Amino acid sequence: MKYSSYFIPTLKETPSEAEIVSHKLMLRAGLIRKLTSGVYIYMPAGLRSIRKVENIIRDEMNRAGAIELLMPSVQPAELWQESGRWEFYGRELLRFKDRHDRDSCLGPTHEEVITDLVRREIHSYRQMPVNFYQIQTKFRDEIRPRFGVMRGREFIMKDAYSFDTDEKGAEKSYKRIYEAYSNIFRRCGLKFRAVEADTGSIGGNFSHEFMVLSDTGEDQIVNCINCDYAANLEKAEVRCIQNNHNNAKDDPAALEEVETPDKKTIQEVSEFLSVSPERLVKTIIYNVDDYLAAVLVRGDHEVNEAKLRNLLKADQLEMASQETVRSVTGAPVGFAGPVGLKVKIAADNNIKGMVNFIAGGNKKDLHLKNVNLERDFKVDVFGDLRFITPSDACPRCGSEIRFGRGIEVGHIFKLGTKYSKKMKALFLDEQGIEKEAVMGCYGIGVSRTVAAAIEQNHDNDGIIFPIPIAPFEVLILPLQVNEKDVAEAAESIYKGLMEKGIDVLLDDRDLRAGFKFKDADLLGIPLRVTIGSRELKNGKVEMKLRTGSENTLISYHGAVETIIDKVKELYDKAE
RNA sequence: CGGGGCGUGGCGCAGCCUGGUAGCGCACCUGCUUUGGGAGCAGGGUGCCGGAGGUUCAAAUCCUCUCGCCCCGACCA
């Protein structure tokens with residue numbers, strides 16, 4: 001490709017809308033342009049990068065035995081009503097009516113469509129297992145799109161859906177894709193980690209997220225410094241160690257009321273009474289489906305709603321309003337406690353070991369001291385209900401854990417029979433018995449993967465693309481395009497590389513050297529070949545890696561071979 | 001959805017408080033000089049000041065409404 005007849009509109013200044021590095025650089029390097037909030041145009045060079053990622057994905061998915069197809073982005077409401085998600089999915093699902101007044105939506109994901117297809121086409125164990133995938137534009141009406149292509153409303157996603165005859169098969173399918181994903185992200189040149197995760201609105205019972213490690217990531221992840229345990233913060237299990245931080249050996253003392261005027265928060269109460277927050281118990285009232293529940297956690301801990309939702313097997317879960325809290329506890333927000341409460345009480349495991357703790361008194365400006373389990377109140381259900389903290393140990397091996405941030409680029413789920421049951425995706429097994437298909441689903445954010453790669457690979461001058469996903473592999477930069485020798489040398493190397501199938505960009509623009517160098521660094525093509533009259537007179541051209549600073553003089557004759565070798569070397573390093 | 005901020009030439013911004021008929025840098029066009037890290041000089045074009053309504057002799061500026069975008073938050077008591 002010749003730059004002068006291509007289209008890479010670079011920007012010297014950063015558009016004011018961009019907040020994070022990848023967003024800024026993608027705009028500046030002319031990879032994307034915004035159309036409207038959370039919706040982007042993939043510009044020619046950006047699209048090339050996207051296509052590279054897609055092709056790596058295709059390659060690995062095909063290798064893992066998955067079959068590509070392409071499903072519609074417009075979907076009928078009926079399918080979503082059948083799965084129950086027309087109600088459950090919420091406002092992220094963009095709904096509309098067609099001219100016949102039929103309810104429709106833009107597909108944020110395709111479980112319903114694929115399950116519908118499979119139930120109509122697949123009837124026998126002989127046709128299974130199958131795994132269908134597509135690379136397609138999704139639309140999710142995010143509450144707050146941000147960070148450019150990182151959290152857009154419209155985005156490119158690879159989604160795959162596996163159908164197995166039994167749990168064992170599903171397990172195998174899951175592992176195969178897990179391996180494929182590891183290969184994909186490794187081949188994209190990313191530093192990533194697979195972590196255990198919550199299943200969210202997709203549903204199901206087991207899942208892993210593939211996280212690109214980055215400080216600007218939206219997700220918090222936890223990993224063990226010793227074993228290979230790693231999890232999303234939402235999912236990270238807390239080891240059930242009783243009696244920690246607590247004087248559990250103490251004998252229960254007499255319950256005591258204590259005035260706490262206007263002291264509503266844990267911090268205020270603990271300061272006012274001069275006790276550490278871990279001697280307090282926090283009581284939070286929740287609206288759960290069609291009932292109310294109180295949740296207890298230690299004062300210095302925080303309720304993990306994902307865990308709570310799972311423990312209570314709840315569909316709907318939200319903190320109760322101030323009015324509800326008042327009617328349940330008889331006190332304004334800030335003074336709720338378990339003693340005398342008439343609602344279901346769920347408590348975090350850590351509560352078990354606590355003796356003589358402090359809790360709200362269910363009366364304005366009142367707390368209770370020396371509250372004790374069983375004697376003063378009963379808990380309906382115990383469980384792991386809080387977020388893990390840095391002082392907790394690894395749930396697997398007990399070693400120290402570390403917190404970090406990541407960008408979720410892939411997510412794989414074991415769905416079980418959730419959709420096949422509701423939508424009757426049935427088949428006949430060897431015995432002629434009708435069974436529900438066991439499903440899995442697997443997503444990769446394609447556009448986000450490119451952004452994540454930039455987030456992880458850049459410097460002050462611009463992007464440093466890993467070669468497998470760079471828009472071009474080699475940039476040829478002739479300095480004096482009007483000097484015949486230079487222009488001819490550039491053209492000849494350009495043609496030589498093209499013939500060998502190298503993706504090469506020839507910057508044939510008649511611009512000052514500095515300008516072209518700046519653009520080159522901004523765009524981040526991994527290998528740059530500079531051709532200047534000075535060195536060319538000695539039969540030399542220069543080769544430079546975007547990652548390094550040293551310019552290597554190479555012989556003009558044989559330059560094509562030298563460059564190809566270097567490209568191969570870069571691929572070997574990346575994979 | 002709640003709070004905050006911003007919409008002025010292609011991009012980044014000033015002007016608005018205190019109304020008087022729009023400006024700077026970059027980009028763009030022409031010429032000359034320059035030419036290995038976003039050149040210099042000279043000349044030039046570029047705006048329904050997001051939209052609608054109102055106040056006024058006069059509105060980018062004041063008021064009302066509206067649309068769009070960005071940021072923060074969305075209840076841990």
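All figures in this text were calculated on a predicted structure; none of them were measured in a lab. Chain A is the first sequence line, chain B the second, and so forth, proteins listed ahead of strands; every chain is numbered from 1.
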Both distances below 3.5 Å, Watson-Crick or wobble geometry, any strand: find the nucleotide opposite B/G45.
none
B/G5 to B/U64 separation - P atoms, rounded to the nearest Å:
14 Å
I'd like to know whether CZ of A/R33 has more than 12 heavy-atom contacts from other residues, nucleotides or ligands below 6.0 angstrom.
yes
Atom NZ of A/K24 to atom P of B/G12: distance rounded to whole Å?
13 Å
With rounding to whole Å, what would you report as the distance between B/G9 and B/U46 at their C1' atoms?
6 Å
Examine the side chains of A/S207 and A/H411 and answer whether a donor and an acceptor come within less than 3.5 Å of each other.
yes
Residues in salt bridge (Lys or Arg N to Asp or Glu O under 4.0 Å) with A/E196, at least two apart?
A/R396
With C1' as the reference atom in both, quote the distance from B/A42 to B/U55 in angstrom, rounded to an integer.
47 Å
Pairing nucleotide - B/C62, Watson-Crick or G-U, each distance under 3.5 Å
B/G54
Reading nucleotides 35-45 of chain B 5' to 3', which nucleotides get B (base under 4.0 Å from a protein heavy atom), which S (sugar-phosphate only), which -?
-BBBB------
Identified pairing partner of B/C32, criterion: Watson-Crick or G-U wobble below 3.5 Å:
B/G40
With the sugar-phosphate defined as primed atoms, P, OP1 and OP2, and the base as all remaining atoms, what B/S/- string results for nucleotides 69-77 of chain B, 5' to 3', for protein heavy atoms under 4.0 Å?
SSSB-B-BB
Tell me which nucleotide, if any, is Watson-Crick or G-U wobble paired with B/G12 when both distances must be under 3.5 Å.
B/C24
Assess A/R279 against A/F357: is NZ or CZ under 6.0 Å from the centre of the six-membered ring, and within 45 degrees of the ring's axis?
no
If you count every heavy atom of other residues, nucleotides or ligands that lies below 6.0 Å from A/E257 atom CD, does the total exceed 12?
no
Please set out all donor-acceptor pairs under 3.5 angstrom arising from side-chain atoms of residues 474-488 of chain A, sequence neighbours excluded.
unit_1 : atom_1 : unit_2 : atom_2 : d
A/Q480 : OE1    : A/S533 : N      : 3.0
A/N482 : ND2    : A/D510 : OD2    : 3.2

Would A/D508 and A/S4 count as a side chain to side chain donor-acceptor pair (under 3.5 Å) if you check the C-alpha gap in whole Å, the side-chain angles of each, and the deciding distance to 0.1 Å?
CA-CA 6 Å; A/D508 57 339; A/S4 63; 2.6 Å; yes
Please tabulate, for the side chains in residues 328-343 of chain A, all donor-acceptor contacts under 3.5 angstrom to protein atoms that are two or more places apart in sequence or on a different chain.
unit_1 : atom_1 : unit_2 : atom_2 : d
A/T329 : OG1    : A/V325 : O      : 2.8
A/T329 : OG1    : A/A331 : N      : 3.1
A/T329 : OG1    : A/A331 : O      : 3.1

Evaluate side chain to side chain donor-acceptor pair (under 3.5 Å) for A/E455 paired with A/S214, printing each intermediate quantity in order.
CA-CA 7 Å; A/E455 207 59 48; A/S214 162; 4.7 Å; no
Output a table of donor-acceptor pairs, distance under 3.5 Å, between side-chain atoms of residues 5-18 of chain A and any protein atom two or more places apart or on a different chain; print 'none' if there are none.
unit_1 : atom_1 : unit_2 : atom_2 : d
A/S5   : OG     : A/K2   : O      : 3.3
A/Y6   : OH     : A/P44  : O      : 3.4
A/T10  : OG1    : A/D519 : OD1    : 2.9

Taking a pair as Watson-Crick or G-U wobble with both distances under 3.5 Å, which nucleotide is matched to B/U18?
none
On a whole-Å scale, what distance lies between the P atoms belonging to B/G7 and B/G51?
13 Å
Considering only the C1' atoms, how many Å lie between B/A27 and B/G12, rounded to the nearest integer?
11 Å
Partner of B/C1 under the Watson-Crick or G-U wobble criteria, both distances under 3.5 Å, comes out as B/G73
What distance, rounded to whole Å, do you find between the two C1' atoms, one in B/G15 and one in B/G54?
23 Å
For atom P, what is the distance between B/G25 and B/C41, given to the nearest Å?
11 Å
What interatomic distance, in whole Å, is found between C1' of B/C1 and the corresponding atom of B/C75?
12 Å
